[in-house]
Amino acid sequence: MSEETQKLPTGFGRLWTAQTVSSLGDGVMHSALPLLALTLTRDPLALAVVSAAGTLPWLLFGVLGGALVDRWDRRRTMWITDAARAALLAVAAAAAALDLLSVPLLAAVAFLLGIGGLFFDTAATAYLPDLLGRDPALLERANARLRGAQTAASGFAGPPAGSALLALGRAVPLLADAVSFAVSAVLVRSLPAAPRPVPQARESLLRQARAGASYVFGDRLLLGLALRPAVGNVAFLAVETVLALFAHDRLGTDDFGFGLLLTAEAAGGLLGAGIASFLGRRLGTGTALTCTAAIEGLAILCLAAAPNAYVAGLALAVCGAGMGATMVLGPSLRQAIVPGHLMGRVASTSRMLAMCAAPFGAFLGGWLATAYDVRTPLYVAAGLLLTMTAVTSTMTTNRRIEAALLAAAPTPREPREPVREPALQGSATST
């Protein structure tokens, strides 16, 4: 069956719906959480603690979390995690309604939500190849749809909804996000049952986590795929740190204009996710990844030299398109070539590298703008992206990717078995 006629399984529709609803809730909290903190304190350090708390779980437990996911049933991990996050936010909403919110409580909520995100995202990444039979073409199509929906829900709809809901009361956005996680948990619970991870020899959790990290660093292709988001996060956070100042001081935009710049970037991301599979087919995944990385670097270079907001908006849209395509092609390839029993650890190791790089990029951007000029972080970011493109282009070539896909393909004695739909009980959700 050709990839043009091959259809995504019914279970994917439920997974897509669950992640879209959850992403909408994430977008609500992305804007509501810092605003909630602002109603409690004006101390910049306290606000920074609330913002940073959500990223700490990836820095502290990323690889260990991946090792746990590789031991557990992935579908059960996802729905239990979402149910726990719904309960957590319901408690926080009750605290807000009773006027018991505090900065430490918000920081604790953000930290626990971050732990939930670690387990859910890692389990979802590991579950998708099982659902789609590790088919590379289906994985690209599925990730494109997931990425597009995530961008639309968390980037476009969620943030303004969060601000509007907060105007109705401090408990309202917390309750809305709780409902989104509850709906997601119900949908994920109805997904097809996937094969349980193959039991490994009894090893300590730390040893298994180390094996997952070693697998990434010992494979040039996987290392190249991991370096792209890691170096990219350094560059993009350096840009993001000074982007508002750059837009106001050098481009002459107001707050509304700055919002339009971000919208242009998100719109580009939707376009990039939509054409990722086409680029992979026409150029080969390796060449496509190199081209999208180069496009990101050149777009940031154009942004740094932009004479007005219109050119800057176009540059951000092009950069967003490159990022959108990269974030479909890279994870899809990783899901197709990594053995199932290692998928959680490999995914979490790659994500942890990217998360660890982000604070360094933010610091770098702030320091360069203070020491030199507000355009300097943008030029440095462009240089980092183009250098990363040159270095990783030899690590993610079409030939290397084709060899990895061939090695990962099932042998005639190991046919690819589709996941089984669970028996429908009562009013189980289907699409």
Side-chain angles (χ1 to χ4, degrees), residues 30 48-49 51-66 110-111 114-115 117-118 121-122 125 147 150 209-210 212-243 265 269 289-290 292-297 299-301 303-304 316 319-320 322-331 333-334 345-370 376-393 395-396:
H30 182 69
V49 167
S51 298
T55 65
L56 283 178
W58 284 99
L59 306 182
L60 299 176
F61 315 120
V63 180
L64 290 176
F111 181 77
I115 291 178
L118 188 161
D121 293 349
T122 304
T125 299
R147 178 66 185 169
Q150 181 185 22
R210 189 182 300 117
S214 298
Y215 192 82
V216 173
F217 286 99
D219 186 290
R220 284 182 59 82
L221 175 55
L222 290 176
L223 182 59
L225 293 176
L227 285 176
R228 290 178 187 271
V231 176
N233 264 8
V234 174
F236 293 131
L237 263 294
V239 173
E240 184 177 317
T241 299
V242 301
L243 186 58
E265 183 179 13
L289 282 169
T290 298
T292 56
I295 286 171
E296 293 168 16
I300 295 299
L301 188 62
L303 174 65
L316 283 171
C319 182
M323 292 170 62
T326 298
M327 295 180 73
V328 169
L329 294 171
L333 174 59
R334 187 185 297 114
R345 283 168 282 178
V346 169
S348 62
T349 297
S350 301
R351 181 72 178 271
M352 187 186 69
L353 288 174
M355 295 295 287
C356 289
F360 176 73
F363 170 78
L364 178 65
W367 174 72
L368 288 172
T370 302
T376 303
L378 279 64
Y379 283 117
V380 171
L384 284 173
L385 289 170
L386 293 173
T387 300
M388 177 268 295
T389 302
V391 171
T392 59
S393 63
M395 305 169 73
T396 58

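We count residues from 1, following the sequence as given. Excluded from the calculations below are hydrogen atoms, water molecules and symmetry mates; all remaining heavy atoms, backbone and side chain alike, are included.
Take Thr349 and apply the side chain to side chain contact (heavy atoms under 4.5 Å, CB included) test, not counting sequence neighbours, and it matches Val63, Ala213, Val216, Phe217. Annotation: side chain to side chain contact (heavy atoms under 4.5 Å, CB included) contacts of Leu64 (sequence neighbours excluded): Leu205, Leu206, Ala209. Partners of Asp219 by salt bridge (charged side-chain N to carboxylate O under 4.0 Å, His left out), not counting sequence neighbours: none found. The side chain to side chain contact (heavy atoms under 4.5 Å, CB included) check on Ala354 picks up Pro229, Asn233, with sequence neighbours excluded. Residues satisfying the side-chain hydrogen bond (donor to acceptor under 3.5 Å, both in side chains) criterion with Gln150, sequence neighbours excluded, are Arg147. Under the side chain to side chain contact (heavy atoms under 4.5 Å, CB included) criterion, Thr376 pairs with Leu368, Tyr372, Asp373, Val380, sequence neighbours left out. Residues meeting the side-chain hydrogen bond (donor to acceptor under 3.5 Å, both in side chains) test with Thr392, sequence neighbours left out: Arg228.
Looking at every heavy atom in both residues, Ala226 comes nearest to Ser350 through CB-OG, 3.9 Å. The two residues Ala357 and Ala230 come nearest to each other via the heavy atoms CB-O, 3.1 Å. Tyr215 and Leu222 make their closest contact through CE2-CD1, 3.4 Å (heavy atoms, listed as atom of the first residue, atom of the second, distance). The two residues Pro57 and Ala53 make their nearest non-hydrogen contact at CD-O, 3.3 Å. In terms of heavy-atom proximity, Gly232 sits nearest to Leu385 at CA-CD2, 3.9 Å. Closest approach of Leu378 and Ala304 over heavy atoms only: CB-CB, 3.5 Å.
Within the 3.5 Å criterion, the main-chain N or O of Met323 finds a donor-acceptor partner in the side chain of Glu296. Proximity of a side-chain donor or acceptor of Thr389 to a complementary backbone N or O of Thr290 within less than 3.5 Å is not detected.
Other residues, nucleotides and ligands place no more than 12 heavy atoms under 6.0 Å from the CE atom of Met327.
Taking 4.5 Å as the limit, some side-chain heavy atom of Ile300 sits within range of a side-chain heavy atom of Cys319. By the 4.5 Å heavy-atom criterion applied to side chains, Leu333 and Leu221 are counted as neighbours. Inter-residue side-chain proximity for Met395 and Leu227 is flagged as met; some heavy-atom pair is nearer than 4.5 Å. Two residues are said to be in side-chain contact when any heavy atoms from C-beta on lie closer than 4.5 Å; Thr387 and Val231 fail this criterion.
Atom-to-atom distance recorded for Leu225:CG and Leu329:CG is 10.0 Å, nearest 0.5 angstrom. Interatomic distance, Ile295 CD1 to Leu386 CG, rounded to the nearest 0.5 Å: 11.5 Å. Note: Phe363 CZ to Leu237 CG = 13.5 Å, rounded to the nearest 0.5 Å. Put simply, CE on Met355 and OG on Ser348 are 12.5 Å apart, with the number rounded to the nearest 0.5 Å. Summarising the geometry, atom CZ belonging to Phe236 is positioned 12.0 Å from atom CG belonging to Leu243; distances are rounded to the nearest 0.5 Å. Atom OG1 in Thr125 sits 8.0 Å away from atom CZ in Arg351 (nearest 0.5 Å).
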